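Below is one structure, written out as C-alpha cells; comments come after it.
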Amino acid sequence: MGQMIRRPKGTRDLLPGEMETRRRVEDAIRRICESWGYREISTPVFEHLQLFKEKSGEDIVEELYAFTDRGDRGMALRPEATASIVRAYLQEMRADPKPVRLYYLANCFRYEQPQSGRYREFWQFGTEVLGGDTPEADAEAIALSDAVMRELGLENSLELGHLGVLRGLADDVGVPVEERDRLLSLIDRGDREAVRQVFGDEAEGALSILDVRGEAEEALRRLEDVLSPYDARDGLEDLRAVMRELERFRVGPKLNMGIARGLEYYTGAVFEAYAPGLGAQDQVMGGGSYELCSVFGGDEMRSTGFAFGFDRVVQALEAQGELPGPGEPAVYVAPVTTSVRRYAISVTRRLRDAGLRAEIDVKGRGIGAQVKHADSKGVAQLIVIGEREEEAGEVSLKDMESGEQVTLSLDDAVELLGDR
RNA sequence: GCCGGGGUGGGGUAGUGGUUAUCCUACAGCCCUGUGGAGGCUGCGACCCGGGUUCGAUUCUCGGUCCCGGCCCCA
C-alpha cells in the first residue's frame, strides 16, 4: 500500500467517537437556540464569488476556495455563513416580520495554513437577529451566546467592545475617514506605536483607549475618562444601553475596547469569547452588530449576529474534561447456530424496539469467537441464543463485565436491560 | 506566503551506507464448537515522493509533499 489517496490538507475525518461528542454539543446548541425562538436556516455550500467579495473586499479571494463552473461563473465555497444568510434574507425573507431570528450550523472553507484549531474545512455555528436595530437586540445576541456556553459548561472569557465608540473617537481626534479602517485594525492588533502615529501627538490621552479592558463597571468609568475631552457620545450611550440590558440578563462581559474589526459593515457593539487551553487560536466566538443589507443592494437594516467555531468549542470542552458519547452498541446478540437465527433476529428486533442499541453477528462465527469479538468491541451485554433458549422462549444474558450469566424470559431481559 | 520540529506495516516502535528491516498491538483465518473474554498456530502488512552523492541510500544531501506547532491573516 504505497501511496493511497489521502484526505486533502487541512481537512479531517471525523470518526464515530468524535462524531458522538460533536453530536452532543450540537444537540445542546440546537436546544438552546430553539428555546430562544431562533429557527434553523441552511444555505448553499457554494455561492457566487461576488457575494464574498462585496462583503469582505477583493483581497479575500486569496483565502477562498474559488473556482469557475462549467457555465463560466465565478463561484466560491463559503468561508462563513453570514453573507449567505443576509443574501437569503434579501432573496426570500424580506417581508417577514422583524426581527428575523435565525441559527445555523454550517461547514465552511478557507484556504489557509492549518494549525492548531484552524482547518481548511471547519464548522461554524451561529445566529443572526436580522432587523434587530436596538441595544436590546445586541444584548440578546450576547446573552444567547453566553447561554450556549453556560449550557455546554464551556469555560470562557466573554468580552465586549464597541465600534461606534472607536469611530467617534477617531473622528473627534481628527483621523481622516480613509485612515479609519486601518486605525481600527491597528487597535485590534494592539499596536500601540502605530496607533499613536495615527492619532498624532496632541491626542496622547486618546491612546489610553487601548487600556480600557477589564471588569465592566470599572472599565466603563475609565472609558468615560478617556472620552471626556471629546464629544464622541453617541457610541458611548449605545454601549451603556447594551450593558444595561445585559445586566438585566445577568450577563456581565468584560469590556475590551481593543476588539475592533476593520470592516465597514460593523456598526456598534462587537464581542468575542476566548476559551483556555486552545493554544494560539483561542477565540471560540465572535460577533457584533452590522449593516450588510445595503452592502448587498438592499435597504439599510441593522442586524446582530455571532458565530462560534464549532470545532474549537468541541476541542475546548475535550480539553476541560471528557465528553463521552454513547460508544459501542450496548447489546450483542450471539446465535449459537444458524438454525436459531430467525429467533435471534426477532429478539434483536425486540431490543431495538425497546430503544436499545443492539447488534447481531453477521459473520457466522462460532459462539466462542463471538464472545471474543463482543469483548474486544467493548460491548456491555451479550445475549446468547441457542436451541434451548429458543424452545423456552428465553435468552441467556451475559454481563460482559462481571461475567455473570442468567437465563430469563425475553420480556424480563428487555426490562432488565432497559433499566441500564 | 513565512518560520521551527517531524514522516519506518492500520496504531505504537527498534535499527542500519549492503540485514530475510526488530518487537508490541490491531486486523484476518485455523485449531476448538453452547461461552476458547483463554491458549496455540498461520496470514496480512512499512522505510512519504522525486533528484543528487555512492558500486550500493530507508540511512547522507537538496527539493517537494504531508503532519504537528507558531507567524501573517482572521470575514
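Since we're looking at a predicted model, the values are computed, not measured. Below, chains carry the letters A, B, ... as their sequence lines are ordered, and counting in each starts from 1.
Note on A:Gly57: nothing from the nucleic acid sits closer than 4.0 angstrom, heavy atoms only. Within the nucleic acid shown, A:Tyr290 has no heavy atom closer than 4.0 Å to any nucleic acid atom. Within the nucleic acid shown, A:Tyr332 has no heavy atom closer than 4.0 Å to any nucleic acid atom. As judged by a 4.0 angstrom heavy-atom cut-off over every strand, A:Gly288 is placed among residues making no nucleic acid contact. Residue A:Gln283 is out of contact with every strand shown, counting any heavy-atom pair closer than 4.0 Å. A:Leu263 comes within contact range of the sugar-phosphate backbone alone, with a heavy-atom separation under 4.0 Å but no base atom that close.
Note: CZ (A:Arg365) to P (B:rC30) measures 10 Å, nearest angstrom. Following rounding to the nearest Å, A:Lys372 (NZ) and B:rG37 (P) show an atom-to-atom distance of 8 Å. Residue A:Ile383 contributes atom CD1, which lies 18 Å from atom P of B:rU35 at whole-angstrom precision. For the pair A:Gln115 CD and B:rG4 C1', the interatomic distance rounds to 13 Å; values are reported in whole Å. Rounded to whole Å, the distance from CD on A:Glu63 to C1' on B:rG1 is 10 Å. The CG atom of A:Asp282 sits 15 Å away from the C1' atom of B:rG69 (whole-angstrom rounding). Summarising the geometry, the separation between CD on A:Gln281 and P on B:rG69 is reported as 10 Å, rounded to the nearest angstrom. Atoms CZ (A:Arg120) and C1' (B:rU65) sit 12 Å apart, rounded to a whole Å.
Within the 4.0 Å cut-off from OP1 or OP2 of B:rG29, at least one side-chain nitrogen or oxygen of A:Lys363 is found. Contact annotation: A:Arg189 side-chain N/O to B:rC74 OP1/OP2 distance is not under 4.0 Å. Contact check, A:Lys55 against B:rA75: no side-chain N or O comes under 4.0 Å of OP1 or OP2.
With hydrogens and angles ignored, no donor-acceptor pair closer than 3.5 Å exists between the side chain of A:Arg261 and the base of B:rC74. A donor-acceptor contact under 3.5 Å links the side chain of A:Arg118 to the base of B:rC73. Interface remark: the A:Gln370 side chain does not form any donor-acceptor pair with the B:rU35 base, using a distance-only criterion of under 3.5 Å. Residue A:Glu389 places a side-chain atom within donor-acceptor reach of the base of B:rG34, judged by atom type and a 3.5 Å distance cut-off alone. Counting atom types as modelled, A:Arg110 pairs a side-chain N or O with a base atom of B:rA75 as donor and acceptor under 3.5 Å.
Nucleotides B:rG6 and B:rC60 place their P atoms 12 Å apart, quoted to the nearest Å. On the P atoms, B:rU25 is 29 Å away from B:rG18, given to the nearest whole Å. Atom name P, nucleotides B:rG11 and B:rC47: the rounded distance is 13 Å, in whole Å. Comparing the same atom, C1', in B:rU58 and in B:rG17 gives a spacing of 10 Å after rounding to whole Å. Rounded to the nearest Å, the gap between the C1' atom of B:rA57 and that of B:rG50 is 14 Å. Spacing between B:rU16 and B:rU59 at atom P, rounded to whole Å, works out to 13 Å. Rounded to the nearest Å, the gap between the C1' atom of B:rG15 and that of B:rG9 is 15 Å. Nucleotides B:rC48 and B:rG29 have their P atoms positioned 31 Å apart, rounded to a whole Å.
Residue-to-nucleotide proximity on RNA chain B shows that, of A:Gly279 and A:Arg6, the 5′-proximal contact is made by A:Arg6. Between A:Gln113 and A:Glu272, the residue whose closest nucleotide on RNA chain B is further toward the 5' end is A:Gln113.
For A:Tyr65 and A:Phe67, the ring centers are positioned 6.0 Å apart or more.
Checking A:Glu47, A:Glu92, A:Glu128 one by one against A:Arg87, the salt bridge (charged side-chain N to carboxylate O under 4.0 Å, His left out) holds for a single residue, A:Glu47. No option in A:Glu159, A:Arg213, A:His162 other than A:His162 meets the side-chain contact (heavy atoms from CB on, under 4.5 Å) test with A:Met257.
The side chain of A:Gln405 sits closest to B:rU35 out of B:rG37, B:rA75, B:rU35. In the set B:rA75, B:rG70, B:rC27, the nucleotide with an atom closest to the side chain of A:Ser376 is B:rC27.
Residue A:Arg192 qualifies as enclosed at atom CZ: its count of foreign heavy atoms under 6.0 Å is above 12.
The two residues A:Val371 and A:Met400 make their nearest non-hydrogen contact at O-CE, 3.8 Å. The nearest pair of heavy atoms linking A:Gln320 to A:Gly153 is NE2-O, 2.8 Å.
B:rG1 is paired with B:rC71 under the Watson-Crick or G-U wobble criterion, all donor-acceptor distances under 3.5 Å. Here B:rG17 sits opposite no nucleotide as a Watson-Crick or G-U wobble pair (both hydrogen-bonding atom distances under 3.5 Å).
Under the 4.5 Å side-chain criterion, counting only non-hydrogen atoms from C-beta, A:Leu239 is in contact with A:Leu223. Using a 4.5 Å heavy-atom cutoff, the side chains of A:Glu300 and A:Glu291 are in contact.
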